[in-house]
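Atoms within each ligand, like the ligands themselves, are counted from 1 in listed order.
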Amino acid sequence: MEHPTCVVEEMKQFVIHGAPSTVYYIPDFISEDEESYLLQQVYKSPKTKWTQLSGRRLQNWGGLPHPKGMVAEKIPDWLHTYCEKISSLGAFGGKTANHVLVNEYKQGEGIMPHEDGPLYHPTVTTISLGSHTFLDFYTPVSSMENDAPQTEENRYLFSLLVKPRSLLILQDEMYQRLLHGIRPCDQDTLTDKVVNLSAAGAMPGEIMTRDTRVSLTVRHVPKVIKTKLFLGRK
Ligand SMILES: O=C(O)CCC(=O)C(=O)O
Ligand SMILES: [Fe+2]
């Protein structure tokens, strides 16, 4: 394995400087062939792997994160390859990702602003398939002045354009402090609120129409247990 600091050095070129620390955006992290293959695998999974939520559906791989520890389940090879590839960039402080969430958003679907929380190592990495989206960032409610109405609009800070085949890595303040979400809309207009325009090879003013997007959210759950028996105990 490469020395971690070498990897960190190489990663510097992918840092987005217009955002709080730390955002890495790697365009074309995977090829079109890999993208098709991954989509094929996602849609080949048993119907029972899907959980339908309002505004998206998802597949959970690796186990269900739990405060007492995750009962680890084997991650299929087609996902494990990418867990290793991303982990080898040093994304999880030397640990290997052991959890993947597959989210599917049809055009016009999204996810409410949220934090990913303390059950994961504080780094979230995302491979996008099939379509771009805008990932929007918000200040947490508690950090706002009391006299300002705490609407979503007021708390909105900026967006990242995530293109298909890209890898996005969020850590530090981007993970620990800010909330992220995807607005349920059909189209996005590229403005100066999109802080990675040039890294994503996009032009301000451009309008982009969304299609179905599948994202692979690859994370590391530090607390893993061998058996479910302990989950019931106080
Ligand atoms: O689809 C995405 O890129 C975001 C997914 C997400 O935020 C999550 O699953 O926690
Ligand atoms: Fe999230």
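The atom name of the N/O/S atom in H180 closest to the Fe ion (ligand 2) is NE2.
Here the two rings, on F14 and Y25, have centers that are 6.0 Å apart or farther. Note: Y120 and H99 meet the aromatic proximity criterion, with ring centroids under 6.0 Å apart.
Taking atom 10 (O) of ligand 1 as the reference point, the nearest protein heavy-atom neighbour is H114 NE2, 3.1 Å. Here the protein heavy atom with the shortest distance to atom 9 (O) of ligand 1 is N103 ND2, 3.1 Å.
A cation-pi arrangement is absent between K193 and F134 under the rule of less than 6.0 angstrom and at most 45 degrees off the ring axis.
Residue D116: an N/O/S atom is found under 2.8 Å from the Fe ion (ligand 2).
Less than 4.0 angstrom separates some heavy atom of T126 from each of these atoms of ligand 1: 3 (O). Residue-ligand proximity, L101 to ligand 1, at heavy-atom distances under 4.0 Å covers atoms 9 (O). Taking every heavy atom of H180 and a limit of under 4.0 angstrom, the matching atoms of ligand 1 come to 7 (O). For ligand 1, the atoms closer than 4.0 angstrom to any heavy atom of Y105 are 1 (O), 2 (C), 4 (C), 5 (C). Near R213, with a cut-off below 4.0 Å to any heavy atom, the atoms of ligand 1 are 1 (O), 2 (C), 3 (O).
Of the residues listed (L179, V195, L170), the one engaging F137 in a side-chain contact (heavy atoms from CB on, under 4.5 Å) is L170, and it is the only one.
At a cut-off of 3.5 Å, with distance as the only test, no side-chain donor of H132 or D211 sits close to an acceptor on the other residue. Side chain to side chain, Y43 and E104 meet the donor-acceptor criterion of an N or O pair below 3.5 Å.
Heavy-atom contacts from other residues, nucleotides or ligands closer than 6.0 Å to CD of E32 number 12 or fewer.
At a 4.0 Å heavy-atom cut-off, ligand 1 touches D116 through the side chain alone.
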